[in-house]
Amino acid sequence: MDYSVIRSRRRTVSLEVTPDAQILVRAPFEMTDADLARIVDGRKAWLKDHVRRQEARKKSLAQVQPLTVREADSLKVRARADLTLRTARQARLMGLCYGRVTIRLQKTRWGSCSSKGNLNYNALLMLAPEAVRDYVVIHELCHLVEMNHSPRFWAQVERYCPDYDSRRSWLKVHGDQLMARAFPV
Ligand SMILES: [Zn+2]
């Protein structure tokens with residue numbers, strides 16, 4: 001089994017399979033290569049399973065149809081109209097004021113909320129179900145009240161979106177596929 005090792009002043013060994021399906025081992029300076037090899041060998045089944053899963057994931061992402069420039073532009077236009085409206089509607093229900101709404105095609109996040117109260121959404125949300133879009137809007141609006149992901153923040157989200165967990169899971173499961181349409185892997 002191939003793996004890379006990063007040694008540091010840590011005390012324990014940690015094994016990780018990266019999104020790129022590579023095995024990464026973190027180990028203390030003083031551990032010998034032989035001891036390390038024994039530990040990796042002991043977790044062989046687990047590692048193989050994870051490598052296989054990441055490879056399958058990579059493969060399915062590589063098959064995603066990339067958006068054309070025209071499709072991407074149209075997505076942004078639709079996102080601006082849709083998410084601006086959803087935000088206005090939801091903010092009224094929640095009794096909140098916010099700043100500007102911007103729409104971007106981004107690789108790493110679905111939305112964000114600045115300390116000035118400006119909201120930013122990923123245009124790729126238009127490829128997600130409406131319920132998921134509403135969840136992201138509620139999530140960002142709740143950041144106007146709680147600028148963190150504390151239990152207090154999640155209690156706010158739950159108040160306006162009682163089934164937020166399943167909507168959030170949808171993004172976790174399908175998010176990479178959506179991102180890959182604008183940012184091919
Ligand atoms: Zn957040």
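Just follow the structure's listing: the first ligand is 1, and inside any ligand the first atom is 1.
When only modelled atom types and interatomic distance are considered, Arg104 and Asn122 share no side-chain donor-acceptor pair under 3.5 Å. For the 3.5 Å distance criterion, the side chains of Tyr121 and Thr102 fail to qualify, holding no donor opposite an acceptor.
Here the side chain of Glu158 pairs no donor or acceptor atom with the backbone of Ala155 at under 3.5 angstrom. Here the side chain of Arg167 pairs a donor or acceptor atom with the backbone of Ala131 at under 3.5 angstrom.
Residues Arg70 and Asp73 are not paired through a salt bridge, judged by the lack of any N-O separation under 4.0 Å between the basic side chain and the carboxylate.
Taken together through direct or relayed side-chain contacts under 4.5 Å among Ile, Leu, Val, Met, Phe, Trp and Tyr, Val64 and Trp110 form parts of separate hydrophobic clusters.
Closer than 2.8 Å to the Zn ion (ligand 1) sit the protein N, O or S atoms His139 NE2, His143 NE2, His149 NE2.
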